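For reference, the structure is listed below as structure tokens.
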Amino acid sequence: MARNKFSSYHLAAALRRELDPAAALRLFLNPPASATPFRYSLRCYDLIICRLAAARLFPAMESILSRLASSSSSSGPRPREQLLCRVISAYGRARLPAAARRAFTHPAFPGRRTARALNTLLHALLDCRAPLRDLLVVCHDAGIPPDACTYNILMRAAAASGSVDHARQLFDEMLRRGIAPTVVTFGTLVAALCDAGQLEDAFDMKEVMVRQYDVLPNAYVYTSLMKGLCEKGDVDAALRLKEEMAGKADLVLDSAVYATLVRPLFRVGRKGAVVGLLEEMKGRGIVADRAVYNAMLAGFCKDEKDFGGAFAVLDDMRKNGCKADAVSYNTLVAGLCKLGRWRDASELVEDMPRRGCHPDVVTYRMLFDGMCAAGEFLEANQVLDEMVFKGFAPSKDGAQKFVEGIEREGDVVLLESVLCRLAKVNALVSSGWEKAVSGVLNEATELRLEKQLDSLRNHSGFDQCN
DNA sequence: TTAGGGTTAG
């Protein structure tokens, strides 16, 4: 009988099998009956916390952390810092900086914090767009000796705030403290210099890292430099740099290297060279990813205005097992609308779910704006219906143009319905509707509408619209 | 635990 008992080992296996996080939580809280009180292993805590963190079920995750805190205060193995790092990162990805900071000091993890946890927190805060000074305060307060990774994150924060000089100062500081820079340090610095347009300094850094620090440039360093060259309009120099990479046995070319080159080549009218790049990738066994395809879609739609070519790219993506995302489709929708081809855009949007991608708020806004720009307000009205149903609001400009358009149609009933629907998604701009209303409505209707809209603004009268 | 590439609107 004892052998059949459901142990923490069995629970861990069951948690691994259960893909639905809510079901996994129920399983964790109510393990099948066992003769003795159930003892949770650290592994079970680890599994459920990671699952809840990934699913962003934070309140549930916090309650499990509290249980862990009270259970780990007794003797036994301590929760690993790696788990703490998962929790902190999850809060960073969810843009919850205060929660990330609280997690860092959570009593469920009684062990001493190392640079690893500190670095994870710094990175989470950087994800939340925290300014460099906040990160420096965190470093100071933690009292943990920084390592190269700490400095790399701080340098990136400096660059993100637009100060390459500060990034360089941090580099000097790490050298003074005897911390050896890594290839990531140089990758960060080169990218920062390129973003700031300081290409010469970036190329100097590529030399210095080898000569003075014995660190070889990798694909990250090369890709940043190639992008920098393209932005200066020197695509050929970027292509030469790619050849330099190919000539080095220790370097592996990847999809990112090629993605960097695609749009710049389209921009200068060299789409034939892009075909050559794709062939080259194939020859090297590099699979084109979404970044490469999306760059091609933008090239065909915006530079070439060749929608046959763009749709062919979509087909290639499907054939090659690369799933087009909303951005891929939005690029096409935007291009079509810009040329007044809103019918084609509308057909594509309708077909998106069948193709495995649901239109997002950007898709609808572009289609809506495209129809308004073409003066097709009744068509736009249909799109608005779908948007409101999904809780999407049109852009401020789009809503205004639309209301003005409906006003010109002179259909009072439609105008009333439009204003109500716009109000539902908070897209009512007062200047727009007041102007529209004053043009077409008689005083009594105007007064009634105004009342309705006031009550809508006070979030109390949605039923009046139906 | 840290760095590179692409793209839609506003």
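Labels below follow one simple rule: chain letters A, B, ... track the order of the sequence lines, proteins then strands, and each chain is numbered from 1. What you are looking at is a predicted structure, and each value in this text was computed from that prediction instead of being measured.
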For this session: Check the pair F300(A) / F266(A) against side-chain contact (heavy atoms from CB on, under 4.5 Å), numbers first and verdict last.
Result: CA-CA 8 Å; F300(A) 277 116; F266(A) 265 102; 3.8 Å; yes
Seminar exercise, completed: Against the side chain of D325(A), the closest entry in dG5(B), dA9(B), dG6(B) is dG6(B)
For this session: Check every atom of dT8(B), dG4(B), dT1(B) against the side chain of K302(A) and return the nucleotide holding the closest atom.
Result: dT8(B)
For this session: Determine: side-chain N/O of R263(A) to OP1/OP2 of dG6(B), distance under 4.0 Å, yes or no.
Result: no
Seminar exercise, completed: Whole-Å distance, F109(A) CZ to dT1(B) P, equals 14 Å
Exercise. Where the side chain of R290(A) is concerned, which of dG6(B), dT1(B), dG4(B) is the nearest nucleotide?
Worked result: dG6(B)
For this session: Write down the distance between CE (M155(A)) and C1' (dG4(B)), rounded to a whole number of angstrom.
Result: 14 Å
Exercise. In whole angstrom, what separates L332(A)'s CG from dG6(B)'s C1'?
Worked result: 15 Å
Exercise. Counting only distance, no hydrogens or angles, is the base of dG4(B) paired donor-acceptor with the side chain of T223(A) under 3.5 Å?
Worked result: yes
Seminar exercise, completed: To the nearest angstrom, the CG-P distance between N218(A) and dT2(B) comes to 15 Å
Exercise. To the nearest Å, how far apart are Y222(A) OH and dG5(B) C1'?
Worked result: 17 Å
Exercise. Nearest of dG5(B), dG4(B), dT1(B) to any side-chain atom of D147(A)?
Worked result: dT1(B)
Exercise. Rounding to a whole Å, what distance do you find between R365(A):CZ and dG10(B):P?
Worked result: 8 Å
Exercise. Just by distance, do the side chain of K232(A) and the backbone of G197(A) share a donor-acceptor pair under 3.5 Å?
Worked result: yes
Problem set entry | dA9(B) phosphate, OP1 or OP2, under 4.0 Å from K396(A) side-chain N/O | no
Exercise. Can you find a donor-acceptor pair, distance only, under 3.5 Å between S255(A) side chain and dG5(B) base?
Worked result: yes
For this session: Check every strand shown and say whether A298(A) touches a base, only sugar-phosphate, or nothing at a heavy-atom separation below 4.0 Å.
Result: sugar-phosphate
Exercise. So which nucleotide from dA3(B), dT1(B), dG4(B) ends up closest to the side chain of V184(A)?
Worked result: dA3(B)
Problem set entry | Selected nucleotide, minimal atom distance to M366(A) side chain, candidates dT8(B), dT1(B), dG4(B) | dT8(B)
For this session: Round to the nearest Å and state the distance from L251(A) atom CG to dG4(B) atom P.
Result: 17 Å
Problem set entry | Flag, side chain of R211(A) to backbone of M209(A), donor-acceptor distance under 3.5 Å | no
For this session: Quickly work out the D369(A) CG to dG10(B) P distance and round it to whole Å.
Result: 6 Å
For this session: Have a look at V361(A) and say if it touches a base, only the backbone sugar-phosphate, or nothing, with a 4.0 Å heavy-atom cut-off.
Result: nothing
Problem set entry | V257(A) side chain, from C-beta outward: closest of dT1(B), dG4(B), dG5(B) | dG4(B)
Exercise. Between dA9(B), dG6(B), dA3(B), which nucleotide gets closest to the side-chain atoms of H123(A)?
Worked result: dA3(B)
Exercise. Rounded to the nearest 0.5 Å, how far does CE of M366(A) lie from CG of L336(A)?
Worked result: 10.0 Å
Exercise. With respect to the side chain of A291(A), which nucleotide from dG6(B), dT1(B), dG4(B) is positioned closest?
Worked result: dG6(B)
Exercise. Can you tell me if the side-chain N/O atoms of K338(A) get under 4.0 Å from OP1 or OP2 in dT8(B)?
Worked result: no
Problem set entry | Partner of Y222(A) by side chain to side chain contact (heavy atoms under 4.5 Å, CB included), out of L253(A), V257(A), L251(A) | L251(A)
Exercise. Can you say whether the rings of F171(A) and F186(A) are parallel (under 30°), tilted (30 to 60°) or perpendicular (over 60°)?
Worked result: perpendicular
For this session: Could you walk me through whether R177(A) and Y151(A) pass the side-chain hydrogen bond (donor to acceptor under 3.5 Å, both in side chains) test, one step at a time?
Result: CA-CA 11 Å; R177(A) 297 178 77 158; Y151(A) 273 100; 3.1 Å; yes
Exercise. What about D289(A): does its side chain form a donor-acceptor pair under 3.5 Å with the base of dG6(B)?
Worked result: no
For this session: Indicate, with a heavy-atom threshold strictly under 4.0 Å, whether A326(A) touches base, sugar-phosphate, or nothing.
Result: nothing
Seminar exercise, completed: Out of dG6(B), dG4(B), dT8(B), minimum distance to the side chain of D254(A) belongs to dG4(B)
